[in-house]
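Below: the structure, in structure tokens.
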Amino acid sequence: MIRERRGAVLRFPVLYFGRLMIKLSIAIWMVAAAYGAEFLVSDYGAKGDGKSNDTVAIQKTIDAAAKTGGTIVLKPGIYLTGSLFLKSGTNLRVDEGVEIRGVRDLAGYPVMQTRVAGIEMKWPAALINVYEQTGVKISGKGTIDGDGKIWWDKYWKLRREDYEPRGLRWAADYDCQRPRLIQIYKSSDVDLSGLTLIRSGFWTVHICYSKTVTVDGVTIRDNIGGKGPSTDGIDIDSSSNVLVEHCDIDCNDDAICLKAGRDADGLRVNRPTEKVIIRDSTVRGGAAGVTVGSETSGGIRDVEAYRIHVLAGVPNGVLFKSASTRGGTTENIVIHDIDTQGVNTPVSITLNWNPSYSYAKLPEGMTDIPDYWKVLLTPVEPEKGMPHFRNVHISGIKSTGAQRAFSVSSYADSPLQDFTFEDLDIEAKTAGSIQNAENWKFKNIKIRTKDGSTITVKDSKGVTGLPEGK
């Protein structure tokens, strides 16, 4: 850590070790990439005129660069393209004045095996793909644009006019196929830096089944020309040794999110997200500054998040969420030095999140259904479906303009265990509530409420150090 708060590194030394390994891998890769030859996409027929489909030409350039480990270079312009597949040892350099823009035809995104929203299934490839590769860099001051409004409109029409009236809210995100912007899948030693990422059709950056990945200095804007549904910023999904830093995010769902699979399929895969550092970033729009879940089935552990700035319009500062069919254990989480301005709830935990989405139920009379519906509908035994959260340390939160300080609830069969809160300074209209907590310690807490309330504690034990109201 830059700021050593109460010995957090000593409690979780694996975070410190993981950080060193990430930095070492980045340094090695940057030195190696510096010697790669440059391959101009215009030499392979790319036009960059905003009208021609440049998919084939750019992919030819990537394939040529892969033979020697080179850098793919684009002259200033707008390059319309479908899915591109980067290869091991290559660097896609998107310089200032360059825009890679996704085509509006779903045929431009070939269907491939992947994981989507917690289950393994076939799905359209992303605009930019690092798929089963090693040592890939995507960098520059240019823009990657998903041109997402066509996909957003498609989704809202399906969900509002068809699926919600039939009780199929849970299936809408899976049935309405929308391309992600960047997918890093079953890959290692990947560096994504400096870019502006806009108008993603679905999730913006999805890091899945991967290790040693850095996202540095990326700007995400998914509110251009409308509000893109489910346009998560950065999703870290059953991956390890991931560093996210210096990012600026304005999206319409989870901004920086830790995931590990959903329900029966996530429990089957049983692959955790672990050894993650998130730091020095700003969230202007999204569900929270930092989100853990709701896809917790494979477990989430050994995470440190700090120096996150969360601005007005974002509902939550720190958000933990899951559901009674997710299962998995989330543990060894250190979050510190978070400031929120005009955020409704600085600390929010719900383990019964969004029931209409979280719990798949087949309407009566439906029999002819796709295979991935059957996966979503697979029952989970209650003891396996109950999620567990424990060993969490949250400190140094500074919040102004909040509606309520805490909104926390779990289950009697799965209390939130061994949480420590230190050095919180929160101004809110009301204090809020905590339910189903066990062994929670509060130290040096200031919660100033307009209504003079104190935090209400229900169905809990071992909660100590809560302040009195003022």
Does the [X] side chain pair with the main chain of [Y], one donor and one acceptor, at a distance under 3.5 Å?
{"X": "Y306", "Y": "G396", "answer": "no"}
{"X": "S239", "Y": "I236", "answer": "no"}
{"X": "T204", "Y": "D232", "answer": "yes"}
{"X": "S324", "Y": "M386", "answer": "no"}
{"X": "S238", "Y": "T273", "answer": "no"}
{"X": "S399", "Y": "I426", "answer": "no"}
{"X": "T340", "Y": "H309", "answer": "no"}
{"X": "T345", "Y": "V347", "answer": "no"}
{"X": "Y155", "Y": "G228", "answer": "no"}
{"X": "T378", "Y": "L376", "answer": "no"}

Are any of the side-chain heavy atoms of [X] and [Y] separated by less than 4.5 Å?
{"X": "P179", "Y": "L106", "result": "yes"}
{"X": "F85", "Y": "D63", "result": "no"}
{"X": "I249", "Y": "I256", "result": "yes"}
{"X": "E304", "Y": "R279", "result": "no"}
{"X": "P229", "Y": "R178", "result": "yes"}
{"X": "R101", "Y": "T143", "result": "no"}
{"X": "T55", "Y": "L84", "result": "yes"}
{"X": "K374", "Y": "I369", "result": "yes"}

Could you tell me whether [X] and [Y] make a salt bridge, using a distance below 4.0 angstrom between a side-chain N and a carboxylate O?
{"X": "D153", "Y": "K149", "answer": "yes"}
{"X": "D280", "Y": "R307", "answer": "yes"}
{"X": "R159", "Y": "E164", "answer": "yes"}
{"X": "D248", "Y": "R284", "answer": "yes"}

Going by distance alone, is a donor N or O of one side chain under 3.5 Å from an acceptor N or O of the other, for [X] and [Y]?
{"X": "H246", "Y": "D216", "answer": "yes"}
{"X": "S230", "Y": "D173", "answer": "yes"}
{"X": "Y209", "Y": "R115", "answer": "yes"}
{"X": "S200", "Y": "D222", "answer": "no"}
{"X": "D263", "Y": "Y359", "answer": "no"}
{"X": "T400", "Y": "Q341", "answer": "no"}

For atom [atom1] of [X], decide whether the heavy atoms of other residues, nucleotides or ligands shown that lie under 6.0 angstrom number more than 12.
{"X": "K154", "atom1": "NZ", "result": "yes"}
{"X": "K211", "atom1": "NZ", "result": "no"}
{"X": "R268", "atom1": "CZ", "result": "yes"}
{"X": "E132", "atom1": "CD", "result": "yes"}

Nearest 0.5 angstrom please: [X] [atom1] to [Y] [atom2], how far?
{"X": "N91", "Y": "I72", "atom1": "CG", "atom2": "CD1", "value": "7.0 Å"}
{"X": "T219", "Y": "K141", "atom1": "OG1", "atom2": "NZ", "value": "11.5 Å"}
{"X": "R271", "Y": "C208", "atom1": "CZ", "atom2": "SG", "value": "7.5 Å"}
{"X": "T282", "Y": "D250", "atom1": "OG1", "atom2": "CG", "value": "11.5 Å"}
{"X": "I128", "Y": "L92", "atom1": "CD1", "atom2": "CG", "value": "6.0 Å"}
{"X": "L377", "Y": "K361", "atom1": "CG", "atom2": "NZ", "value": "11.5 Å"}

Do I335 and F320 pass the side-chain contact (heavy atoms from CB on, under 4.5 Å) test, and can you show the C-alpha distance, the side-chain angles, and the key distance before you say yes or no? CA-CA 12 Å; I335 299 174; F320 292 179; 4.0 Å; yes
Distance-minimising heavy-atom pair for [X] and [Y]:
{"X": "K186", "Y": "S210", "value": "N-OG, 3.2 Å"}
{"X": "N53", "Y": "G82", "value": "OD1-N, 4.5 Å"}
{"X": "N129", "Y": "A126", "value": "ND2-O, 2.7 Å"}
{"X": "P387", "Y": "S322", "value": "CB-OG, 3.4 Å"}
{"X": "V334", "Y": "H336", "value": "CG1-CD2, 3.9 Å"}
{"X": "L267", "Y": "G328", "value": "CD2-N, 4.4 Å"}

CA sep, side-chain torsions, deciding dist, call: R180, T114, side-chain contact (heavy atoms from CB on, under 4.5 Å): CA-CA 12 Å; R180 290 158 290 182; T114 185; 3.4 Å; yes
Only one of Y372, W373, Y163 forms a ring pair (Phe, Tyr, Trp, His ring centres under 6.0 Å) with W170, so which one is it?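 Option passing the ring pair (Phe, Tyr, Trp, His ring centres under 6.0 Å) with W170: W373.
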Passing candidate, side-chain contact (heavy atoms from CB on, under 4.5 Å) with V392, options I349, L416, I333: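 Of the listed options, the one satisfying the test is I333.
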In chain order, what residues pass the ring pair (Phe, Tyr, Trp, His ring centres under 6.0 Å) check against W151, with sequence neighbours excluded?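 For W151 there are no ring pair (Phe, Tyr, Trp, His ring centres under 6.0 Å) partners, ignoring immediate neighbours.
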Stepwise, does the side-chain contact (heavy atoms from CB on, under 4.5 Å) test hold for T291 with K321? CA-CA 8 Å; T291 301; K321 59 183 181 177; 3.6 Å; yes
List the steps, then state whether side-chain contact (heavy atoms from CB on, under 4.5 Å) holds for S294 with N354. CA-CA 9 Å; S294 70; N354 195 357; over 6 Å; no
May I ask you to establish whether R262 and Y357 are in a cation-pi arrangement, using a distance under 6.0 Å from NZ or CZ to the six-membered ring centre and at most 45° from the ring axis?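 Judged by the rule (NZ or CZ under 6.0 Å from the ring centre, within 45° of its axis), R262 counts as positioned above Y357.
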Pair D145, R199 - check salt bridge (Lys or Arg N to Asp or Glu O under 4.0 Å), show working. CA-CA 6 Å; D145 178 4; R199 300 196 298 175; 2.6 Å; yes
